[in-house]
Amino acid sequence: MKRIQVAGPSITQKEIDYVADAVTNAWYDNANVYHDRFERAFADYIGVRYAITLPSCTSAIHLSLLALSVGPGDEVVVPDVTWIASAAPITYVGARPVFADIDNLTWCLSAESFEACITPKTKAVIPVDLYGNMPDMDAIRDVAKRYRVAVVEDAAEAIGSEYKGCRAGSFGDAGVFSFHGSKTLTTGEGGMLVTDRDDLYHRALFLRDHGRKPGDRMFFNREVAFKYKMSSMQAALGLAQLERVEELLDYKRKIFAWYEKELADVEGVTMNCEAPGTKNVYWMVTIILDERYGLKKDRLMELMSEQNIDCRPFFHPLSSIPAYEDMEQARRARQRNHVSYKIAPYGLNLPSGLNMTEEKVNRVCNALKCIIENNSAGNKIAGVEKLSHYSS
Ligand SMILES: Cc1ncc(COP(=O)(O)O)c(C=O)c1O
């Protein structure tokens, strides 16, 4: 049985044609044609004024913090449960990450915990649209406004998600996206920074090209800065994907619906939520298994892997991983963030790539149900044989 991979893109002749055109023609006078088209179309799609193509979402967060003048002595609040890329740029700029708890329902930043983490040093907050779920943006923005804290929305995983009719990425002073190969819209590697603010846009453009103004022909650098650019071939790929975005998002929602049909009634399984007033595009179909099964994510991953099914662990709380565990802020977070520590050990991302079919989803669900059943019966799970009666 072929291994089912956890994530991956949908590439058609359109993407191949655009990239072939870029590699053939996007040089000399045309060097920026695909960047310009991708950025304009992306900004229009998100509903913001500006978009800047970048080599990654990590660099987009880095530039956002720099453009907001976040630096040494400042604190930046970030949810404890996210990929490290949401937080690492806080360290790049010399500031300190403060890990707030997540919400039980959305798995995204809790507005109450965010408020409790604010000190006079808090300069910014980075809410994350985890797995495509949307946080309570009104509540987060209200706290941010009251304490004059800048917002960088990490929408790396959430292209197409919505909150009260506005698209993910449009809620902060800046919004950031990832186009890594695992994402719904990919450029292989890549990212985008979006903003409505003139000052942030111009500062980010300046900082991402070694501290010189866009269009500078004198190679005259005013500051030591960064080289964060995307190639034309990537921009062409991104544009082709964006022109198919509704199709990609519809398919993601279809994949979730297949899973929901199979798993919604399984006792003790919680799936991604779509809170009222939001649209979730389910980048990663995710389950949280009730702790009464005593099946933690690492064991569950192993058992799924024995069935040739690739899964990913729900992110570990950042305050628990070696990269941060010795920090005072991490110690405090470990005491404070009860929801993060309750959910994270039991969460699993199921295969959600754009190559999934209903048949593959059924295979994943059958394997999962069998593992749960064996476990709830208190049986020791012996592997393939025990799963055979569920195999299609
Ligand atoms: C929530 C989140 N933020 C940031 C990133 C960083 O994206 P990139 O790999 O494009 O730098 C990712 C990537 O997986 C992510 O999931």
Side-chain angles (χ1 to χ4, degrees), residues 5-9 38 42 51-66 76-93 97 99-100 102-103 106-109 124-135 137 140 151-161 168-169 171-172 174-194 204 208 226-231 234-235 237-238 241 252 272 280-286 311-318 321 323-324 340 344 347-349 352-353:
Q5 298 297 329
V6 74
F38 185 30
F42 198 86
I52 305 175
T53 46
L54 293 169
S56 64
C57 180
T58 307
S59 56
I61 300 172
H62 188 193
L63 283 185
S64 301
L65 295 176
L66 289 168
V76 179
V77 178
V78 64
D80 206 348
V81 178
T82 180
W83 177 229
I84 193 170
S86 307
I90 302 169
T91 306
Y92 302 168
V93 302
F99 308 109
I102 57 169
D103 176 76
T106 65
W107 312 331
C108 298
L109 178 69
V125 61
I126 307 179
V128 179
D129 307 333
L130 200 76
Y131 305 134
N133 293 10
M134 292 302 290
M137 279 298 181
I140 290 169
V151 178
V152 177
E153 182 189 354
D154 183 345
E157 303 174 351
I159 185 161
S161 287
F171 292 94
V176 294
F177 292 86
S178 172
F179 307 134
H180 177 259
S182 63
K183 298 298 189 292
T184 306
L185 188 160
T186 191
T187 59
E189 292 280 358
M192 193 79 88
L193 188 163
V194 300
R208 67 96 171 246
F226 302 88
K227 175 63 192 293
Y228 282 158
K229 286 193 157 184
M230 178 184 270
S231 74
Q234 290 168 296
L237 177 51
Q241 290 258 284
K252 279 288 194 185
N272 315 52
N280 193 333
V281 292
Y282 306 113
W283 171 56
M284 278 280 173
V285 178
T286 300
C311 296
R312 285 174 37 155
F314 198 82
F315 292 122
H316 317 288
L318 294 173
I321 58 174
Y324 293 110
S340 302
L348 198 71
N349 303 132
S352 308

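First listed ligand is number 1; within each ligand, the first listed atom is number 1. Quick caveat, the model's predicted, so the values are computed rather than measured. Here, residue 1 is the first one in the sequence, and each next residue gets the next number.
- Not one N or O on the side chain of E153 forms a donor-acceptor pair closer than 3.5 Å with the backbone of A168.
- Between D154 and ligand 1, an N or O atom pair is found at a separation short of 3.5 Å.
- The protein heavy atom nearest to atom 12 (C) of ligand 1 is W83 CD1, 3.6 Å.
- Within the set E157, K183, M284, H180, the minimum heavy-atom distance to atom 14 (O) of ligand 1 is found for K183.
- Nearest-residue assignment for atom 11 (O) of ligand 1 (options T187, L130, T58; heavy-atom criterion): T58.
- Not a single donor-acceptor pair under 3.5 Å links the side chain of E157 to the backbone N or O of G132.
- Close N/O approach between C57 and ligand 1 is found [any backbone or side-chain N/O within under 3.5 Å].
- The backbone N or O of A85 lies less than 3.5 Å from no partner atom in the side chain of T58, so there is not a single donor-acceptor pair.
- Only the side chain of T82 comes within contact range of ligand 1, with a heavy atom under 4.0 Å; no backbone atom does.
- Between the choices S86, A87, A85, the shortest heavy-atom distance to atom 5 (C) of ligand 1 belongs to A85.
- Close approach to V128 involves these atoms of ligand 1, each under 4.0 Å from a residue heavy atom: 1 (C).
- By the 30° and 60° cut-offs, the orientation of the rings of F42 relative to F179 is perpendicular.
- At least one side-chain heavy atom of S64 sits less than 4.5 Å from a side-chain heavy atom of V176.
- For atom 9 (O) of ligand 1, the nearest protein heavy atom (residue, atom name, distance) is S178 OG, 4.0 Å.
- Residue contacts with ligand 1 include G190, since one of its heavy atoms falls under 4.0 Å from the ligand.
- Formation of a donor-acceptor pair under 3.5 Å by the N133 side chain with backbone atoms of T106 is found in this model.
- The aromatic ring centres of Y92 and F226 sit 6.0 Å or more apart.
- Side-chain atoms of S182 never come within 3.5 Å of backbone atoms of G8 as a donor-acceptor pair (strictly under, hydrogens ignored).
- At a 4.0 Å heavy-atom cut-off, ligand 1 touches A156 through the side chain alone.
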